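To start, the structure itself, in structure tokens.
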Amino acid sequence: AVSKVANPTAVPETGGAVTFTYVVTNTGSVTATITVLSDDVFGSLAGDADCQVGTVLWPAQSCAFTHTETLSGTVGSSHTNVFTGTVTDADGHTDSDTDDATVTFLPVPGLELTKDVAPGQAVRNMPFTYTIRITNTGPVTFDPLVLTDTLPADFHYVVGSGDPSDPDVIAEPTLVWQNLGPLAPGASITVSFAVTATPGITGTYWNVALVGGEYPGGVLTDTDDAPVAIVDPAIALDKQLVAADLDDLLPNYVTFTVVITNVGISTIDVLPLVDQYDTYYLSFVTAEPYPEEDADDGLLTWHDLTGPAPNGFGRNLAPGESFHITTVFRVVHDITTTVNTAFADGPYDVYDNPANEPRDDEPITNVPTAVELLYFRVGSVAGQRVRLEWATAVEIDTFGFNLYRAPVEDLSRATAVAFVPSQARGGGATYVYNDPVPSGGVWWYWLADVDTSGRETLHGPVSAVVEAAALPYRVYLPLVIR
């Protein structure tokens, strides 16, 4: 007796490998030798060392071998061929048997998997969601449909987050949905689930999803992966001097702002702030919000700016939002140079992750000008006279203006050409000065506003091109030729 079995029994029309298994069995009562092994399509078969022409089989003994071919054909057709085996005993008696196997040709299947993650960044302990979409892009149904997702180390599945269901197998790092089918041609299914990352890790992590769909011709698979960046909470801090009252009338004050911005992706839950100053130069007056520790000892401390008023803003600091803190100090000694420093001292986000501790120094050296200048320009040039124009919107404690001129764009080579007294009375004013230059060429000008204490603040430069004056007479000399 012989048998022939094909595996698989169906392949895509474009072609597929099929393995045929051949078995020869001596069903008689005497020893026989294999004398013929043939296939009506493949011709004579060589078999293998244990099952080929010349192999001796005892009664009830069997032998087997395999033969692999790549087959293709049109959709709906089939491939059938007959296997013949013959045995002969010692007296020359023979017996033969036949069997066939059929392979059917199917349409080419199609299966596509795409994977995304949102958000693309997360802090530790913060859930983020993977979304997997599986689409049958071919003409055959897949059933069963198995989905496997392999998580990176230190990633953990959030039980109950699976949609449409949790995995059938949760054996981290492996998640398996054992049967999402049947998936008909043109149909899709979406699977989503949430994951968290273990505290202590940062960096970009990838994980792979694999889908396998079974159809009459075998199993088709597809994969996709998605990166997620695990980051730390992050805040930025910016301290600036926004006002300085340094005239000769006491008391004098300076005002700072501290802007703290959440530049990370998680909400800040605890936000302590410390503001440090030099008590020789400055004495604390007030702040908004007001610090819990306000002793005039060089340190102002807010325990948590997310806490309730009057010491906080009464809310957490969400991503992209800012807190604005204002501090006011009285000047107790003439300031040459001093530095104020603000820093966050141990902030945490809502997932108990420590954030960075930024700091910013603000020196008090360049006092803002007492003049808000609208413009400074060359109005016109007439002969060797340059008309200079400027205007102010506001003048505070302004004594007047110095004008400087140089033949090159170099302030160190400039000379003072005029002083123009202030014309403003608490507001602004418009000024004009006509400067007679000594010669033609390009002349450069600077404007300096002078306050009541004698400090100058420079503006400019601007330039004017002056044509050389023409000579009033011409003198002709005789030409003597020898």
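Treat the numbers as computed from the prediction; the structure is a model and nothing was measured.
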Test Thr88 against Thr35 for side chain to side chain donor-acceptor pair (under 3.5 Å), laying out the working first.
CA-CA 6 Å; Thr88 303; Thr35 54; 3.3 Å; yes
Would you confirm whether Asn316, through its side chain, and Ala318, through its main-chain N or O, come within 3.5 Å as a donor-acceptor pair?
no
Please report, to 0.1 Å, the donor-acceptor pairs under 3.5 Å made by any side chain of residues 206-217, with sequence neighbours excluded.
residue : atom : partner : partner atom : Å
Asn207  : OD1  : Lys115  : NZ           : 3.0
Asn207  : OD1  : Tyr130  : OH           : 3.2
Asn207  : ND2  : Asp149  : OD1          : 2.7

Expected output: side-chain Asp143 to main-chain Gly181 donor-acceptor under 3.5 Å
no
Side chain proximity check, Leu237 to Leu273, heavy atoms < 4.5 angstrom
yes
Do the side chains of Ile132 and Ser192 get nearer than 4.5 Å, heavy atoms only?
no
Donor-acceptor pair, side chain of Asn136 and main chain of Gly186, under 3.5 angstrom
no
Tell me the side-chain hydrogen bond (donor to acceptor under 3.5 Å, both in side chains) pairs involving residues 158-169, sequence neighbours left out?
Tyr157-Asp166
Using 30° and 60° as the class limits, which term best fits the ring planes of Trp177 and Phe193: parallel, tilted or perpendicular?
tilted
Keeping Asn262 on the side-chain end and Leu317 on the backbone end, is there a donor-acceptor pair under 3.5 Å?
yes
Which residues share a side chain to side chain contact (heavy atoms under 4.5 Å, CB included) with Thr25, sequence neighbours left out
Val23, Thr27, Ser62
Is there a side-chain contact between Val254 and Leu241 in this structure, where contact means two heavy atoms from C-beta onward sitting under 4.5 Å apart?
yes
Within a radius of less than 6.0 Å around OH of Tyr348, do more than 12 heavy atoms belonging to other residues, nucleotides or ligands occur?
no
Any donor-acceptor N/O pair, Asn26 side chain to Val30 backbone, under 3.5 Å:
yes
Do Tyr22 and Phe42 have ring centres separated by under 6.0 Å?
no
For a side chain to side chain donor-acceptor pair (under 3.5 Å) with Arg133, tell me which candidate from Thr190, Asp224, Thr114 qualifies.
Thr190
Using a 3.5 Å distance criterion without hydrogens, assess whether the side chain of Asp345 forms a donor-acceptor pair with backbone atoms of Pro272.
no
Do Asn356 side-chain atoms and Ile235 backbone N/O form a donor-acceptor pair below 3.5 Å?
yes
Do Ile134 and Glu112 have side chains that get closer than 4.5 Å, going by heavy atoms?
no
Taking the side chain as every heavy atom from C-beta outward, state whether Leu305 and Pro289 have any atom pair closer than 4.5 Å.
yes
Are the side chains of Tyr281 and Phe329 in touch, meaning some heavy atoms are under 4.5 Å apart?
no
Going by the side chain to side chain contact (heavy atoms under 4.5 Å, CB included) test, name the single residue among Thr135, Leu147, Thr223 that passes it with Leu113.
Leu147
Can you check side chain to side chain donor-acceptor pair (under 3.5 Å) on Thr257 and His324, steps first, answer last?
CA-CA 7 Å; Thr257 60; His324 293 253; over 6 Å; no
Ignoring hydrogens and angles, tell me if any N or O in the side chain of Gln276 forms a donor-acceptor pair with the backbone of Thr341 under 3.5 Å.
no
Taking the side chain as everything from C-beta on, heavy atoms only, tell me whether Tyr290 gets closer than 4.5 Å to Ile325.
no
Tell me whether Glu292 contacts the main-chain N or O of His303 through its side chain, where contact means a donor paired with an acceptor under 3.5 Å.
yes
Stepwise, does the side chain to side chain donor-acceptor pair (under 3.5 Å) test hold for Asp296 with Ser283?
CA-CA 6 Å; Asp296 196 12; Ser283 177; 2.5 Å; yes
Going by the disulfide bond (SG atoms under 2.5 Å apart) test, which pairs reach into residues 185-238, not counting sequence neighbours?
none
Do Trp446 and Pro461 touch side chain to side chain, with heavy atoms closer than 4.5 Å?
yes
May I ask you to decide whether Asp275 forms a salt bridge with Lys239, counting only side-chain N to carboxylate O separations under 4.0 Å?
yes
Side-chain donor/acceptor pairs under 3.5 Å, residues 100-108, sequence neighbours excluded:
residue : atom : partner : partner atom : Å
Thr102  : OG1  : Thr80   : OG1          : 2.7

Does Asn353 use its side chain to pair, donor to acceptor, with the backbone of Arg124 at less than 3.5 Å?
yes
Only residue of Asp99, Asp97, Asp39 satisfying salt bridge (charged side-chain N to carboxylate O under 4.0 Å, His left out) with Lys4 is Asp39
Classify the ring geometry of His79 against Phe20: parallel below 30°, tilted from 30° to 60°, perpendicular beyond 60°.
tilted
His67 and Thr19 side chains, donor-acceptor separation under 3.5 Å
no
What residue pairs, at least two apart or across chains, pass disulfide bond (SG atoms under 2.5 Å apart) with a residue in residues 19-112?
Cys51-Cys63
